[in-house]
Amino acid sequence: MSFQNITFSKSELARYNRHIIIPEFGIAGQEKLKAAKVIVVGSGGLGSPLLLYLAAAGVGTIGIVDFDTVDDSNLHRQVLFGVNEVGKPKVLAAKQRLEQLNPHIEIIAYNTQLTSKNALKLISDYDVVADGTDNFPTRYLVNDAAVLAGKPNVYASIFQFEGQVSVFNYTNKQGEVGPNYRDLYATPPPAGLIPSCAEGGVLGVLPGIIGSLQANEVIKIITGLGDPLSGKLFTFDALSFETRTFNISKNPLTYKIKELIDYEQFCGVKAVEKKIKEISAEEFQTWKDDGEEFQVIDVRETNEYETVNIGAHLIPLSQVIDRADEIERERKVVVHCKLGGRSAKAIRQLEEHFGFENLYNLTGGITAYLELNNVNEILK
Amino acid sequence: MATIIIPTPLRKFTNQQTRIKVGGENIQQSINELISEFPDLKKNLLEDNGKIRNYVNIFIGNKDIRDLLNEHTLVEHDTVISIVPAIAGGSSNQL
């Protein structure tokens, strides 16, 4: 990263004045930022504050990798976006927002999923990688690609009220390379053991705190100020307001990364889950009232069905694959369970194995439907 | 008695308790005591052979027990043991 030929316009000097007047930072620090190229993987909860602060700070080139679109449920924490961006690709919405924030920098949007095929090429073009992803396969992929490309990987992760930050694969001034994610966690937890945010949620402000700390580490690495969080794992508990910084070291037994692998297989989970079609209890009622033609499948257990049902055809979740021929293909099919979780699973299995395209998940399940109709049945 | 700090993802197995006092002379004994009190933690913390799972990091103070004597690391009455599991973020879609 060469910053010798960097120059600033008057308006840039005015914008970055409060950086430049810090004695340790000075014009040299700002030049390093402008010369730097940072790639941010994930423009969600962590990516939002991270990108806002990197852009505001004047990082000259920022790449953003994400394939997702903005959803209503993102807005409680993904402060890059507003209601006008719902439905738009996140990277494009982010680019637009960041260009408004700082027109002096270049934002490159990669509206794609980071994969074993494109990761090395994307990351090699940048000086620093920042990992703001939300799943284990992509975390191991980002880590391994950063190691192979020889780039520092600024890592952050969140769950409910708790966050983690570290700097992996950082080469210090003595040329020593610090630990990477695999030194800390050799393998991911098996699917279903450690609960995920998708089950447990996340406090909206938490990624704001943790993503800002991540931005701080990126800026420190670029400018050479202070001590990066290499060889350390920082944790923050928002409820107790306890922070801890643990020492981590290279593990001689850690798997030696030689090439990028199939990370979904390695982690036993998918990095991206295809969205399934949904129908609310209200829409379902409207379909019924309008005399729309459709089949209803209940994937709960027989005893649950006997307690209360809405006249659906019963195929318990464990049997849907074997009894898929009982599900119609010509008409729309509404699949329900008690709350919507098992029916979503059933739909994914049916779509994956048999290519169904006419299945709708009843959100909130039979519970929401009965509530809508003021039926006070006891659902066990 | 040492104190074990339970991380957010595992608190549902400890009735939301965040700090638990345990006996035991070393990490293995302390963890076993924790599990005997909260058996649902077992599958998250231990392999079938009783070894601590490698996606769970255990620290004494700020030191990784892998840099000490692993599960044989001694604990004192004022030792603070932190369990730090891997967390990924918003998505963990099972195959």
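Letters A, B, ... mirror the listed sequences (proteins, then strands); counts begin at 1.
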* Asked: Given the side-chain rings of A:Phe246 and A:Phe234, with only the six-membered ring counted for Trp, is the space between their centroids under 6.0 Å?
  -> no
* Asked: With a 4.5 angstrom heavy-atom cut-off, which part of B:Asn54 approaches chain A: side chain, backbone, both or neither?
  -> both
* Most chain B-contacting option - heavy-atom pairs closer than 4.5 Å, from A:Thr235, A:Leu239, A:Asn251, A:Asp237 -> A:Asp237
* Asked: Relative to chain B, which segment of A:Thr245 carries a heavy atom at a distance below 4.5 Å: side chain, backbone, both, or neither?
  -> backbone
* Does the side chain of A:Tyr185 reach to within under 4.5 Å of the side chain of B:Val84, using non-hydrogen atoms? -> yes
* Structure fact -> Note: A:Ala94 and A:Leu80 closest approach over all heavy atoms is CB-CD1, 3.7 Å
* Can you say whether A:Leu233 sits under 4.5 Å from chain B via the side chain, the backbone, both, or neither, judging by heavy atoms? -> side chain
* Counting only heavy atoms not in B:Asp78, do more than 12 fall under 6.0 Å of its CG? -> yes
* Most heavy-atom pairs under 4.5 angstrom with chain A, which of B:Thr18, B:Thr8, B:Ile5? -> B:Thr8
* **Heavy-atom contact with chain B under 4.5 Å, split by part of A:Asp131** => neither
* For B:Gln28 and B:Asn70, indicate whether the former's side chain and the latter's backbone hold a donor-acceptor pair under 3.5 Å. => no
* Under 4.5 Å heavy-atom distance to chain B, tell me which part of A:Glu242 shows up: side chain, backbone, both or neither. => side chain
* To do: Check each atom of A:Asp183 against the heavy atoms of chain B and say whether the ones under 4.5 Å are side chain, backbone, both or neither.
  => backbone
* Asked: chain B: which of A:Thr187, A:Thr138, A:Leu46 shares the most heavy-atom pairs with it under 4.5 Å?
  -> A:Thr187
* Asked: Heavy-atom count around A:Lys277 NZ within 6.0 Å, excluding the residue itself: above 12?
  -> yes
* To do: Please state whether the rings of A:Phe236 and A:Phe241 are parallel, tilted or perpendicular, taking 30° and 60° as the class boundaries.
  => perpendicular
* Interchain contact, B:Ser82 with chain A, by part (heavy-atom threshold 4.5 Å) -> side chain
